[in-house]
J.: 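Mind looking over this structure? Questions follow.
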Amino acid sequence: MAVSAADNVPPFIAAQLTHLLSHFRLTLKVEQMWSADKYNSGPFDRFTLLIPFCLDFIKWDVIYNAECPTVAPDVIFGPEDEDFHPFHMPSDDGTQATSCLSDWNYGDPTRLLSLVQFLRDQYVLYQRKRVGEVDDDRLKFEISTILSREGIEMHMSSGAEKPEEVKFAVPLLDMNINKMVPSCPWRYPQKIHLQVVYPVGRKYMSAPSAPRLKLVSSSELKALFSIDDVKLPPWLDGMCLAEYLPNLEEYLEKQVSEAVLSIDLRRQFIEALAIQLGRPVEADPVFCRKATFLSATGVFTFLIHFLIPTQFPKQQPTIMLQSSQHFNSQMAPLKSRPLVDYPWSPRWEPLLMADRVYEFLADEALNFKRQCSEGTLQ
Amino acid sequence: MDDHPPLQKIAISGPTLASLIQRFSTSPSSLHGLLFGHVTLLTPLNLSDDPSTTSSATTTSDESTSSATLVATVTGFMASPSPTSTFYDSTGTVTPTSISHLLHNHHNHNNHHLIGWFSARRKTPLRPSMREFSVTQSLSSLSAFSSQIQNSPNPNSTSSSSSSFSSSTFSPCIFILLSSPFSNDHIHTHEYRAYQLRASSSFEPKLIDIVNIGPAFRGHYGSFSPNAPFPALECDLGMSSMNEEREGNAAGKEDERLSVMREKAKDQRELDGCAEGFEVGRLRRMMGSEARSYTSNLEDLYEKMLAKVENLTRLVEQSNAKVLEQEHYNRKLRQKIRAAASE
């Protein structure tokens with residue numbers, strides 16, 4: 001999100017904020033910006049930052065002072081983190097801490113980024129320390145076994161009404177998925193995390209129960225591979241995370257490799273369709289999830305949209321027809337309902353698949369034409 | 001660093017709190033400054049008329065110091081003149097020189113010591129920020145500005161249970177935070193909360209007790225101490241008239257009269273500092289064997305003192321308006337310069 005000066009944001013704040021949002025290694029968001037006076041008529045010198053942490057967001061308020069640009073900004077942390085004092089953490093060496101805020105140069109756009117980076121790193125350590133202080137033997141054991149893994153973030157939630165829980169965000173799969181996809185358009189490396197939630201504080205439970213597990217991936221990954229389709233291996237009684245993770249990773253790696261191979265399958269299907277229907281008007285060349293063809297029956301010209309799922313060929317593509325000659329009341333072209341009930345078998349060769357789809361379309365197109373002229377479509 | 005003794009509550013007089021809120025609501029942006037007051041150890045009375053509880057009363061008399069409560073009273077504040085001239089730097093460190101600079105005109109008399117600081121910022125959550133913690137910690141570690149706890153027990157006393165109040169000094173560890181909620185409607189809401197920084201490096205919220213004049217005020221009578229005491233005047237009980245008759249020498253009498261007149265003029269000036277138009281001679285008539293119509297004179301004195309206060313407030317109001325105008329003008333100039341510089 002680019003912050004423009006027209007938004008009533010003082011230029012020195014806009015420069016630092018824009019630099020932060022575009023260069024921070026994680027995706028930060030600004031929830032809102034406001035000014036120091038009651039009616040928001042002054043310059044906007046305060047904003048709320050949403051910072052991803054442990055597969056969730058933490059909200060910090062950053063307070064500048066538009067009247068005194070030379071003063072460094074102040075930060076207000078979340079309501080649960082009253083004990084978080086980033087510049088007074090015991091394991092600190094004071095030099096790194098003070099260099100973030102001392103000699104604040106408001107004209108340097110990188111200062112805010114180094115400050116937020118430092119604060120977030122301190123926050124990770126603070127949460128780790130909090131989790132380490134939880135009096136739960138099983139948790140202590142788990143921590144000791146997986147601490148060697150890089151990039152784990154922990155969070156202890158201690159709301160007044162919520163039960164105490166410790167959440168781990170474990171990054172999985174060391175492999176660079178971006179490299180596996182030819183001409184991959186993703187800007188950032190895609191990662192899959194395992195979220196593990198342990199309930200703590202209930203001493204009367206004799207056998208440790210299985211933690212809640214969930215897979216979370218970065219949003220762009222679903223073009224290639226949907227983690228909702230992944231069935232997690234079961235957590236057996238008495239298992240610990242160090243045992244569970246290798247199995248899961250092996251399983252996921254297979255899934256990801258299969259997903260990458262299935263790109264080729266989809267591509268073959270589209271190429272086979274092209275033999276029957278001519279070159280596609282539009283097609284997705286990287287992930288081969290979509291293709292659109294132009295066709296005609298008699299004088300009726302129409303478009304055919306293919307939406308190919310990640311589970312292809314087990315799951316058949318969705319076909320949608322779109323007329324180029326009929327429009328509805330909002331001046332949008334008439335479209336058919338999504339068609340998924342045509343003959344299909346995953347065992348067919350791509351050419352056979354294309355033949356069968358073509359036969360189906362030959363009939364369906366006439367249906368569609370009739371529906372368009374009768375006005376039975378929305 | 002030894003632990004700061006825990007406060008039971010923080011008392012602030014109604015006018016002081018109102019004046020703090022008013023200063024904040026008229027300020028265009030954030031505000032901060034120092035808090036002054038004193039810390040007192042109150043020992044509650046354990047006397048009871050009920051004979052069945054006398055036994056427990058006697059046993060607790062030895063432990064009376066353990067149920068004593070520490071109360072901080074805020075009597076005044078001083079806001080930093082402008083956001084640029086702060087007593088702390090970007091990292092939140094406070095240096096003794098910056099505090100001394102702010103306090104150098106300040107009269108540090110009996111009950112008006114530095115006990116903490118306040119910060120006021122609109123439309124922000126009502127909890128201490130990163131820098132506010134650093135500043136409070138830095139300020140409370142400046143032992144040079146610690147003040148004495150009043151009525152604190154003698155450290156050499158035999159009471160063994162006063163261990164929690166082993167130190168009789170109080171460093172400035174109080175922090176008052178003022179804020180306002182986010183809503184944009186036409187109701188002005190002022191939120192405030194007071195904290196004490198304990199040595200465990202955490203803020204403990206404290207109860208704020210607002211002291212106003214009224215039936216509940218009587219409890220404070222015992223710990224009341226004036227901020228503006230009556231000036232000390234030389235008292236010569238009915239001797240002056242006798243002195244005048246004793247001297248026979250004309251020239252000596254002239255000198256006597258001159259010095260008496262000078263003395264009287266000086267006294268009148270001191271009295272004019274706290275009352276308006278009350279003649280010093282009337283004070284003499286209120287004391288000693290010649291005192292008469294004491295009540296009406298005293299009432300008159302109080303009336304004249306109130307009139308003086310009223311005049312002073314009017315002057316303050318006028319000068320405040322002038323200062324505000326000047327500040328407004330300065331802000332406009334700064335904005336112009338900044339706008340010109342960014343082009």
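In what follows, chains are A, B, ... by sequence order, proteins preceding strands, each numbered from 1. Note that the structure is predicted; figures quoted are calculated from it, not measured.
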J.: In sequence, state the C-alpha distance, the side-chain angles, and the governing distance for B:Phe133 and A:Phe87, and then conclude on side chain to side chain contact (heavy atoms under 4.5 Å, CB included).
T.: CA-CA 10 Å; B:Phe133 177 80; A:Phe87 292 96; over 6 Å; no

J.: Contact part of B:Ser180 toward chain A, heavy-atom cut-off under 4.5 Å: side chain, backbone, both or neither?
T.: neither

J.: Could you note down all residue pairs passing salt bridge (Lys or Arg N to Asp or Glu O under 4.0 Å) where residues 22-31 of chain A supplies at least one of them, sequence neighbours left out?
T.: A:Glu31-A:Lys59

J.: Minimum heavy-atom separation for A:Arg46 and B:Arg122, please, with both atom names.
T.: NH1-O, 2.8 Å

J.: Hey, is CD on B:Glu325 packed in by over 12 heavy atoms from elsewhere, all under 6.0 Å?
T.: no

J.: Would you mind reporting whether B:Thr124 and A:Asp61 have side-chain heavy atoms less than 4.5 Å apart?
T.: no

J.: How about A:Tyr123: does its OH atom have over 12 heavy atoms from other parts shown lying under 6.0 Å from it?
T.: yes

J.: Salt bridge (Lys or Arg N to Asp or Glu O under 4.0 Å) between A:Glu82 and B:Arg127: does it pass, once the steps are laid out?
T.: CA-CA 8 Å; A:Glu82 338 165 297; B:Arg127 44 180 191 270; over 6 Å; no

J.: What residue in B:His188, B:Glu132, B:Gln335 has the most heavy-atom pairs under 4.5 Å with chain A?
T.: B:His188

J.: Using a cut-off of under 4.5 Å for heavy-atom pairs, which of A:Ala36, A:Ala66, A:Pro69 has the most such pairs with chain B?
T.: A:Ala36

J.: Considering all heavy atoms of both residues, which atom of B:Ser134 and which atom of A:His88 are nearest to each other, and what is their separation?
T.: OG-NE2, 3.1 Å

J.: Is the count of non-hydrogen atoms from other residues, nucleotides or ligands lying under 6.0 Å from A:Glu133 atom CD greater than 12?
T.: yes

J.: Taking every heavy-atom pair that is under 4.5 Å apart, which of A:Pro43, A:Ser35, A:Gly42, A:Pro79 has the most such pairs with chain B?
T.: A:Pro79

J.: Could you check whether any side-chain heavy atom of B:Asp89 comes within less than 4.5 Å of a side-chain heavy atom of A:Ser102, counting everything from C-beta outward?
T.: no

J.: Please report the shortest heavy-atom distance between B:Ser129 and A:Val75, naming the atom on each side.
T.: CB-O, 3.5 Å

J.: Applying side-chain hydrogen bond (donor to acceptor under 3.5 Å, both in side chains) as the test, list every pair that has at least one member in residues 12-26 of chain B; sequence neighbours left out.
T.: B:Ser13-B:Thr16

J.: Between B:Lys123 and A:Ile63, is the side chain to side chain contact (heavy atoms under 4.5 Å, CB included) condition met? List the steps.
T.: CA-CA 10 Å; B:Lys123 290 156 75 180; A:Ile63 315 277; over 6 Å; no

J.: For A:Ile76 and B:Arg121, which heavy atoms make the closest approach, and how far apart are they?
T.: CD1-NH1, 3.3 Å

J.: Please check if the number of heavy atoms outside A:Lys214 that lie under 6.0 Å from its NZ is greater than 12.
T.: no

J.: Judged by atom type as modelled, is there a donor-acceptor pair below 3.5 Å linking the side chain of B:Arg334 to the main-chain atoms of A:Cys68?
T.: no

J.: Start with the C-alpha distance between A:His85 and B:Met130, add both sets of side-chain angles, then the distance that settles side chain to side chain contact (heavy atoms under 4.5 Å, CB included), and finish with yes or no.
T.: CA-CA 7 Å; A:His85 307 298; B:Met130 176 179 80; over 6 Å; no

